[in-house]
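Here is how names work: the chains are called A, B, and so on, in the same order as the sequence lines, proteins then strands, and each is numbered from 1.
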Amino acid sequence: MSKEVEITLLPGGEKVKVPQGALISEILGKSEAGKSWVAAKLDGKPVDLSVQVERDSSLEAIAKDSPEALDILRHSAAHIMAQAVKSIFPEALIAIGPSIENGFYYDFDVARPFTPEDLAKIEERMREIVSRKLAFSRRELSREEATALFAGLGEKYKVELLEGFSDPSFSIHQQGDFIDLCRGPHIPQTGFLKAFKLTSAAGAYWRGDERNPMLQRIYGTAFFDVDSLKKYLAFLEEAKRRDHRRLGKDLDLFSFSDEIGAGMVVYHPKGALIRHILENFEKREHLLRGYQIVVGPTLLKTDLWKKSGHFEHYRENMYFTEIDEQSYGVKPMNCLSHMLIYKSRIRSYRDLPIRYFELGTVHRHEKSGVLHGLLRVRQFTQDDAHILCTPDQLNDEIKSIIDFVSEVMGIFGFEFEVEISTRPQNSIGSDADWERATAALTQALEEKGLPYFICEGEGAFYGPKIDIKLKDALDRRWQCATIQCDFTLPERFDLSYVGADGARHRPVMVHRVILGALERFLGVLIEHYAGAFPVWLAPVQAMIVTVTDSQLDFARAVCAELRGRGVRAEVDSRSEKLGFKIREAQMQKVPYMLVIGDKEVQGGGVAPRKRDGTQLGLMTSLQFADLVDRECLESSKGRVGLNIV
RNA sequence: GCCGGCGUAGCUCAGGGGUAGAGCAGCUGAUUCGUAAUCAGCAGGCCGCGGGUUCAAAUCCCAUCGCCGGCUCCA
């Protein structure tokens with residue numbers, strides 16, 4: 001006799017009685033005719049529509065437009081891709097195939113890596129599978145059955161995965177002849193996959209561990225409709241258009257040279273000028289906040305790096321050299337000399353907090369494969385500071401750094417997310433210190449009301465950290481600012497201050513950067529602004545273009561006058577038509593073009609044209625300089641006018 | 001560091017064993033023009049670097065440096 005169970009349909013809350021064992025698809029089918037669900041949530045857990053209900057439960061349909069739906073589609077697309085791969089390369093072994101932020105991937109163990117032609121073939125086979133509208137069916141198997149099944153198929157990675165799980169039983173999904181170990185849920189049948197594209201193939205270590213064999217990963221993306229796919233591909237094009245490596249070349253900002261070496265940035269005049277503006281801006285912001293500017297050397301004796309723990313824990317990333325039979329290390333961080341400055345005399349509690357700031361250039365031996373334009377280099381300059389304070393002051397210091405970061409990021413128009421990284425494997429210091437430090441960081445974020453994620457084991461070797469991920473104009477994340485709490489180095493260097501009680505106490509140290517590495521920050525800025533810098537940062541603020549050569553003398557006089565006022569102006573004196581010169585300045589993303597023809601010479605002024613095409617009409621060069629000054633202040637939130645350079 | 005792809009003129013790229021090519025940029029000349037490309041001519045190359053195979057290598061092979069896409073790692 002069939003028993004009835006009571007199903008509460010969410011979000012409405014309507015209750016229906018159905019026979020025990022009824023399919024979710026049947027139940028939902030009754031609730032809203034004509035709509036095809038992707039999957040459902042049974043008591044809050046995502047499940048296939050083919051699941052049977054066994055007891056009183058809540059049930060909520062997952063429609064195409066719900067947040068979970070795209071994940072389910074992409075995960076299913078990964079299965080369909082794996083099916084296609086197995087049908088073309090029967091000897092391929094399958095590993096894992098999750099959905100990821102912008103799509104999905106699947107890892108395979110194959111005799112030879114995939115070529116672009118392979119991807120085209122696989123995509124073609126996927127289309128066939130989609131057109132066959134194969135149902136995704138689901139089975140529960142015991143551990144033994146599942147192991148036997150995958151061992152029988154020779155799928156050793158699946159067997160290894162099974163060994164790693166503690167569940168007593170496992171769900172198996174199958175569409176057509178393709179069987180996979182998978183929690184699900186999936187789309188009901190392959191025909192749901194309307195818009196997809198395989199984007200690339202690359203090597204990837206099994207389980208992400210470089211000691212494991214390398215598998216071949218295929219990346220793809222999928223959407224419910226072709227328009228969304230097109231929009232995503234357009235987004236990729238836009239990202240390509242903004243690529244700072246491309247813009248760095250086009251705008252003549254910087255270069256790399258294989259003769260110089262990998263990961264070493266060469267700043268051309270315009271790039272160097274932007275950097276100069278950023279540096280001046282930073283120095284001022286730090287001085288205003290009670291930081292003291294210091295400068296330390298690049299080479300420090302290896303013995304000192306041993307004392308700090310860098311030699312033991314960071315040696316792989318360091319460069320060493322020998323001078324007069326003494327070993328020296330090139331600094332990968334700026335903290336050591338700052339600590340020695342602190343130690344150079346006796347400190348009183350009245351002196352604290354002490355905030356040392358350095359635009360410190362460091363070298364790190366990054367693995368060759370990770371170098372990436374300005375975003376990952378081997379020599380970079382940090383806007384680094386070390387704050388030494390009493391334990392009581394720690395909380396306020398961290399909070400004021402958070403305010404600092406947030407003010408500065410506001411100026412550039414970045415929003416950000418926050419992460420706390422805890423103690424890693426390879427680290428120094430006592431558990432108690434790590435707990436204190438982590439608690440200090442957490443508490444400061446709580447008090448600031450900032451939400452944060454926790455990244456277990458991702459901290460620096462000397463302490464936990466708050467990492468700040470910028471979100472740029474295309475909503476991509478970049479790590480720049482970081483705040484790191486350190487009880488260990490003050491200990492190792494025996495730093496102390498004399499307290500109100502006349503006794504010596506240990507200060508706490510905070511390492512922090514705001515922009516992070518100037519190189520990386522510049523790279524992020526270029527992409528964020530698509531090369532069109534706000535006026536306060538633009539290396540050339542005004543390009544003077546004449547209608548004919550006969551206005552050149554006047555143009556040069558205007559240029560000199562503007563430069564005298566601090567405007568970064570240049571004259572395009574080539575014997576070209578106005579339209580040509582405008583086009584060039586436009587492509588160089590210069591904020592203002594100052595048009596000078598006979599009319600302007602007559603009127604003793606210039607006719608500015610903005611980068612967006614609007615024309616401002618005749619004005620004197622002094623009026624224009626004032627306009628630029630105002631716009632600098634406006635775009636830098638009052639921080640920087642024409643006097644920055 | 002690992003897997004794969006790629007290095008040809010300043011830039012973007014063709015050429016895939018038999019005399020190094022195009023467009024743009026550059027230079028010269030003409031043109032003097034009003035808001036995104038004036039015309040013509042000229043010049044430009046150790047085909048990343050080093051080995052090898054071959055009568056002959058930009059082209060095929062090996063090694064190396066660099067770049068690109070990932071993995072791992074990170075400011």
Side-chain angles (χ1 to χ4, degrees), chain A residues 105 107 110 112-116 118 199-219 243 245-246 249-250 252 255-264 316-317 332-334 360 362 364-384 421 424 458 460 465 467-468 470 478-482 484 511-521 523-524 545-552 574-588 593-600 607-611 613-615:
Chain A
Y105 68 81
D107 285 346
V110 279
R112 107 183 134 67
F114 297 107
T115 63
D118 292 335
T199 47
S200 63
Y205 299 109
W206 167 233
R207 298 193 146 174
D209 190 325
E210 60 186 334
R211 289 164 301 193
N212 284 340
M214 184 157 272
L215 306 175
Q216 294 304 319
R217 174 172 300 178
I218 302 179
Y219 284 94
D243 191 312
R245 294 165 298 185
R246 155 109 259 122
K249 224 176 253 178
D250 289 350
D252 197 16
S255 64
F256 292 91
S257 150
D258 50 357
E259 289 175 292
I260 286 172
M264 307 292 182
E316 307 306 309
N317 290 291
M333 298 181 194
N334 300 300
V362 298
R364 296 186 186 171
H365 180 219
E366 301 293 343
K367 290 177 178 178
S368 61
V370 306
L371 300 175
H372 182 94
L374 293 179
L375 302 180
R376 196 74 184 275
V377 293
R378 284 185 173 151
Q379 177 189 310
F380 55 99
T381 300
Q382 297 177 300
D383 59 337
D384 205 0
S421 296
E458 301 287 314
K465 56 180 184 170
D467 281 332
I468 291 165
L470 304 189
W478 306 97
Q479 187 185 331
C480 292
T482 174
Q484 311 181 344
H511 311 240
R512 48 102 287 188
V513 291
I514 306 291
L515 306 185
L518 294 184
E519 283 72 10
R520 175 177 290 182
F521 193 76
V524 172
V545 291
T546 56
V547 176
T548 73
D549 290 350
S550 62
Q551 297 98 19
L552 273 178
R574 290 174 302 178
S575 170
E576 296 285 354
K577 285 165 58 168
L578 181 64
F580 179 88
K581 290 188 275 195
I582 297 259
R583 178 168 193 271
E584 296 266 303
Q586 190 79 40
M587 290 195 308
Q588 287 295 306
M593 283 144 260
L594 303 183
V595 175
I596 298 181
D598 285 338
K599 269 189 288 181
E600 285 71 26
R609 173 198 204 271
K610 289 172 77 162
R611 175 157 69 177
T614 53
Q615 292 176 42

- Query: What are the two closest non-hydrogen atoms of A:Thr381 and A:Glu519, and how far apart are they?
  - Reply: N-OE1, 2.9 Å

- Task: Determine whether A:Gln379 and A:Val362 make a side-chain contact, defined as any pair of heavy atoms from C-beta on separated by less than 4.5 Å.
- Result: no

- Task: Could you work out the separation of B:G17 and B:C13 based on their C1' atoms and round it to a whole Å?
- Result: 22 Å

- Integer angstrom distance from the C1' of B:G10 to that of B:G4: 30 Å

- Report the base-pairing partner of B:G45 (Watson-Crick or G-U wobble, both distances below 3.5 angstrom), or none. none

- Item | Length of the CG-P vector between A:Asp549 and B:G29, whole Å | 13 Å

- For A:Lys599, which contact category applies under a 4.0 Å heavy-atom criterion: base, sugar-phosphate, or nothing? base

- Which nucleotides of nucleotides 70-75 of chain B have their base under 4.0 Å from a protein heavy atom (B), which only their sugar-phosphate (S), and which neither (-), written as one string 5' to 3'? BBBBBB

- Message: Output one letter per nucleotide in nucleotides 35-42 of chain B: B when a protein non-hydrogen atom lies under 4.0 Å from the base, S when only the sugar-phosphate is that close, - when neither is.
- Response: BBBB----

- Message: Need one value for A:Asp598: base, sugar-phosphate or nothing, where a base atom within 4.0 Å counts as base even if backbone is also close, heavy atoms only.
- Response: base

- Message: Any strand counts, and the cut-off is 3.5 Å on both contacts for Watson-Crick or G-U wobble. Which nucleotide pairs with B:C11?
- Response: B:G23

- Mapping A:Phe114 and A:Thr548 onto RNA chain B by nearest heavy atom, which one lands closer to the 5' end? A:Phe114

- Item | For atom CZ of A:Arg112 and atom P of B:G5, their distance in whole Å | 10 Å

- Task: For B:C42 and B:A37, measure between their P atoms and round to the nearest Å.
- Result: 26 Å

- Message: With rounding to the nearest 0.5 angstrom, report the CG to OG1 distance, A:Leu578 to A:Thr546.
- Response: 8.0 Å

- Query: With respect to the phosphate group of B:G1, does any side-chain polar atom (N or O) of A:Ser368 fall under 4.0 Å of OP1 or OP2?
  - Reply: yes

- Task: Considering only atom C1', compute the distance from B:G26 to B:U19 and round it to an integer number of Å.
- Result: 26 Å

- Which base, if any, makes a Watson-Crick or G-U wobble pair with B:C74, both distances under 3.5 Å? none

- Message: Quick one, A:Ile596 and A:Val547 - any side-chain contact, counting heavy atoms below 4.5 Å?
- Response: no

- Go through the side-chain N and O atoms of A:Gln551 and A:Asp598 and say whether any donor and acceptor fall under 3.5 Å apart. yes

- Using the C1' atoms only, state how far B:G21 lies from B:G44, rounded to an integer number of Å. 13 Å

- Item | Carboxylate-amine/guanidinium proximity below 4.0 Å for A:Asp243 and A:Lys249 | no

- Item | Base partner of B:U54, which must satisfy Watson-Crick or wobble distances under 3.5 Å | none

- Item | Any side-chain heavy-atom pair of A:Arg245 and A:Ser255 under 4.5 Å | no

- Whole-angstrom distance between B:G48 and B:U12, as gauged at atom P: 15 Å

- Expressed in angstrom and rounded to an integer, what is the separation of A:Gln216 atom CD from B:C3 atom P? 10 Å

- Quick one: label A:Arg574 by what it contacts on the DNA or RNA (base, sugar-phosphate, nothing), any heavy atom closer than 4.0 Å. sugar-phosphate

- Could you measure between the two C1' atoms, the one in B:G1 and the one in B:A14, and give it in whole Å? 35 Å

- Query: Is the glycosidic torsion of B:G16 within 90° of 0, making it syn, or is it anti?
  - Reply: syn

- Message: Does the structure show a Watson-Crick or G-U wobble partner for B:C39, both distances under 3.5 Å? Name it, or say none.
- Response: B:G29

- What distance separates A:Asp383 CG from A:Phe521 CZ, expressed to the nearest 0.5 Å? 8.5 Å

- Message: To the nearest 0.5 Å, what is the distance between CZ on A:Arg217 and OH on A:Tyr105?
- Response: 4.0 Å

- Item | Length of the CG-P vector between A:Asp243 and B:C67, whole Å | 14 Å

- Message: So that I can tick it off, tell me whether A:Glu210 and A:Lys367 are bridged by a salt bridge, with the cut-off set at under 4.0 angstrom between side-chain N and carboxylate O.
- Response: yes

- Can you tell me the Watson-Crick or wobble partner of B:G34, both distances under 3.5 angstrom? none

- Query: Can a side chain N or O of A:Arg245 be found less than 4.0 Å away from OP1 or OP2 on B:G69?
  - Reply: yes

- Inter-nucleotide C1' distance (B:A63, B:G7), Å rounded: 16 Å

- Query: Under a 3.5 Å cut-off for both distances, is B:U59 Watson-Crick or wobble paired, and to whom?
  - Reply: none

- Task: Please report, rounded to the nearest Å, how far the C1' atom of B:G1 is from the CG atom of A:Leu371.
- Result: 11 Å

- Message: Need the pair for B:G69. Rule: Watson-Crick or G-U wobble, both distances under 3.5 Å, any strand; none if unpaired.
- Response: B:C3

- B:A25 P sits how many Å from A:Asp250 CG, rounded? 14 Å

- Item | Where A:Asp209 and A:Tyr205 come nearest, the two heavy atoms and their spacing | O-CB, 3.1 Å

- Query: Could you give the CZ-to-C1' distance, from A:Phe256 to B:G48, as a whole number of Å?
  - Reply: 18 Å

- Task: Please determine, by modelled atom types, if A:Gln382 and A:Arg512 share a side-chain donor-acceptor pair under 3.5 angstrom.
- Result: no

